[in-house]
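Here it is, the structure, as structure tokens.
Along the sequence shown, residues carry numbers from 1.
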Amino acid sequence: MDASRERARVSALRDLNVLDTPAEERFDQVVRLAQRLFDVPKVAVNLVDDRRQFTKAAVGFDLGDTPLDESFCSRAVADPNPLVVRDARLDHRFAQHPGVEAGDIRFYVGQPLAAPGGELVGALCLVDDHPRDLSPTELDLLGDLGRWVERELAMDADEVQAREVQRRLLPYRPLEVPAYEIAGCCVPARLVGGDYYDWSLVDDSFQFVVADVMGKGMTSAVLAAGIRSMMRVASPFNPLAEAVRRTAVGMTEDFTETSTFATLFACRITPGTGALEYVDAGHGLTLIVPPEGPARRLESTDLPLGALPDDTWAARAERLEPGETLLLVSDGVLDIYPEEDAVVAVATDLVRTVERPAEVIGRIEHYARTHELADDLTAVAIRRLPS
């Protein structure tokens, strides 16, 4: 194999993010089944890196690393067809292998495993201590099992891509505004979700947006990405309510085709005065927490984006006074506290207990990541520092 192809092969393997991971039942099932189907003492899923072979799942072998010069599978990745060694003692390529000389390996067959891009990254192998052969039907069956392993490997690649999609929905860098502290988090219920938050500077204000697309998974994430892009494009050139309306119009066909909608909260704050303009499109879980006294809910009766064609949204006014914190959470928090009054009470207590937005958000994120939630959970906290 030439050097460029080998580099591409190794890169594809590493992109799967499966090297040096612990045993997993989804791969163990395949090797146990293969052992029964082919009546062999040893079966393994081996992945071939540039200097080692990593055994991900096995029966009769130890998991972990094997030097390449002791790897049969390192030859299996050179050709997309199965590598069949009927009697290793009679094969000059393997006759001096320590396992062959010891009598542990006589028969070997390796079904190459391809990454999603087609690069051969490993093999599903069968090993026996006496010579034998496989019929064409048996080779076809081994190929089916190999494709099963490939689908599982592809799921790992999809996970990497999904996490990258989720990462790109969120702000690339912190927003630093004098006299304000700002923090946010987004924890999807699955690998990727339909929640996102964003912040940016718009004229003499700073703007933040939180949206929650109905549903979870990649479809919701794609719709969230569309909303994010349209709000970013429309916001610098339009009043807040008009930016929301243009975003809704631009997403009309997407909402119709997917039979979904999105709640959205968008807000602009003038730093010097704390003047706050907001549009709440069906979101409803935003409050201002003062140092003392009751929290103020930011009320709205406007509907989500996509709920009605040609709908409009009104901008409302509030003020974030020195020492106050604006806290917004998505409806994923209702998995934890089903009653909205309980959400307000707990949120108020949390903000007053820890004060700093980074710690408030840190506690929310820790809870979300250590508990199984049915819905995505997003939170943003903005505190205007005392004068």
Side-chain angles (χ1 to χ4, degrees), residues 169-171 175 184 186 193-215 220-270 273-288 295-320 326-334 340 343-344 375-376 378-380 382:
L169 284 174
L170 305 180
L175 181 63
C186 179
D195 280 18
Y196 90 91
Y197 70 90
D198 193 22
W199 48 49
S200 59
L201 297 175
V202 177
D203 296 329
D204 59 350
S205 303
F206 64 94
Q207 173 176 297
F208 73 92
V209 180
V210 172
D212 180 1
V213 178
M214 183 185 71
S220 296
V222 170
L223 293 175
I227 295 171
R228 177 184 182 274
S229 296
M230 291 192 178
M231 280 296 295
R232 282 209 159 203
V233 170
S235 293
F237 309 105
N238 294 281
L240 186 60
E242 178 63 11
V244 172
R245 188 193 71 81
R246 287 174 179 264
T247 296
V249 170
M251 294 293 297
T252 296
E253 189 171 343
D254 299 277
F255 290 135
T256 301
E257 290 299 317
T258 57
S259 300
T260 191
F261 60 84
T263 65
L264 180 144
F265 183 92
C267 174
R268 290 179 184 175
I269 299 175
T270 303
T273 64
L276 185 155
E277 179 188 28
Y278 72 94
V279 170
D280 189 323
H283 194 81
L285 289 171
T286 308
L287 61 152
I288 293 176
R296 307 193 301 278
R297 292 278 299 272
L298 300 190
E299 301 291 348
S300 172
T301 58
D302 288 345
L303 296 176
L305 279 61
L308 291 177
D310 303 321
D311 202 0
T312 58
W313 292 266
R316 291 169 169 77
E318 249 288 356
R319 185 175 299 277
L320 191 64
L326 186 148
L327 180 65
L328 182 155
V329 292
S330 67
D331 62 5
V333 76
L334 299 178
E340 291 190 6
V343 174
V344 173
D375 198 3
D376 309 327
T378 298
V380 172
I382 300 174

(request) Kindly give the heavy-atom pair with the smallest separation between S235 and R268, and that separation in Å. (result) O-NH2, 2.9 Å

(message) I need the minimum non-hydrogen distance between L223 and M251, along with the two atoms involved.
(response) O-CE, 3.5 Å

(request) Would you name the heavy atoms of L264 and V244 that are closest together and state the gap between them? (result) CD2-CG2, 4.0 Å

(message) Between L175 and F206, is there a side-chain heavy-atom distance shorter than 4.5 Å?
(response) yes

(request) Taking all heavy atoms of S300 and all of R316, pick out the closest pair and write down the distance. (result) OG-NH1, 3.7 Å

(message) Can a donor-acceptor pair be found, under 3.5 Å and without considering hydrogens, that links the side chain of R245 to the backbone of W313?
(response) no

(message) Determine whether a donor-acceptor pair (N or O, by modelled atom type, separation under 3.5 Å) exists between the side chain of T286 and the backbone of L298.
(response) no

(request) Give a yes or no on whether the backbone of T378 and the side-chain of Y196 come within a donor-acceptor separation of less than 3.5 Å. (result) no

(message) Could you go through Y197 and F208, starting from their C-alpha distance and side-chain angles, then the distance that decides it, and tell me whether this counts as ring pair (Phe, Tyr, Trp, His ring centres under 6.0 Å)?
(response) CA-CA 7 Å; Y197 70 90; F208 73 92; 9.2 Å; no

(message) In the structure I gave you, are the side-chain heavy atoms of R246 and N238 within less than 4.5 Å of one another anywhere?
(response) yes

(message) Donor-acceptor pair, distance only, cut-off 3.5 Å: does the side chain of H283 make one with the backbone of A262?
(response) no

(request) Locate the shortest heavy-atom distance separating L305 from A248; write the atom from each residue and the value. (result) CG-CB, 3.8 Å

(request) Compare every heavy atom of V202 with every heavy atom of P236, then report the nearest pair and how far apart it is. (result) CA-CG1, 4.2 Å

(request) Using modelled atom types only, decide if a donor and an acceptor are shared between the side chain of T252 and the backbone of V249 within a distance under 3.5 Å. (result) yes

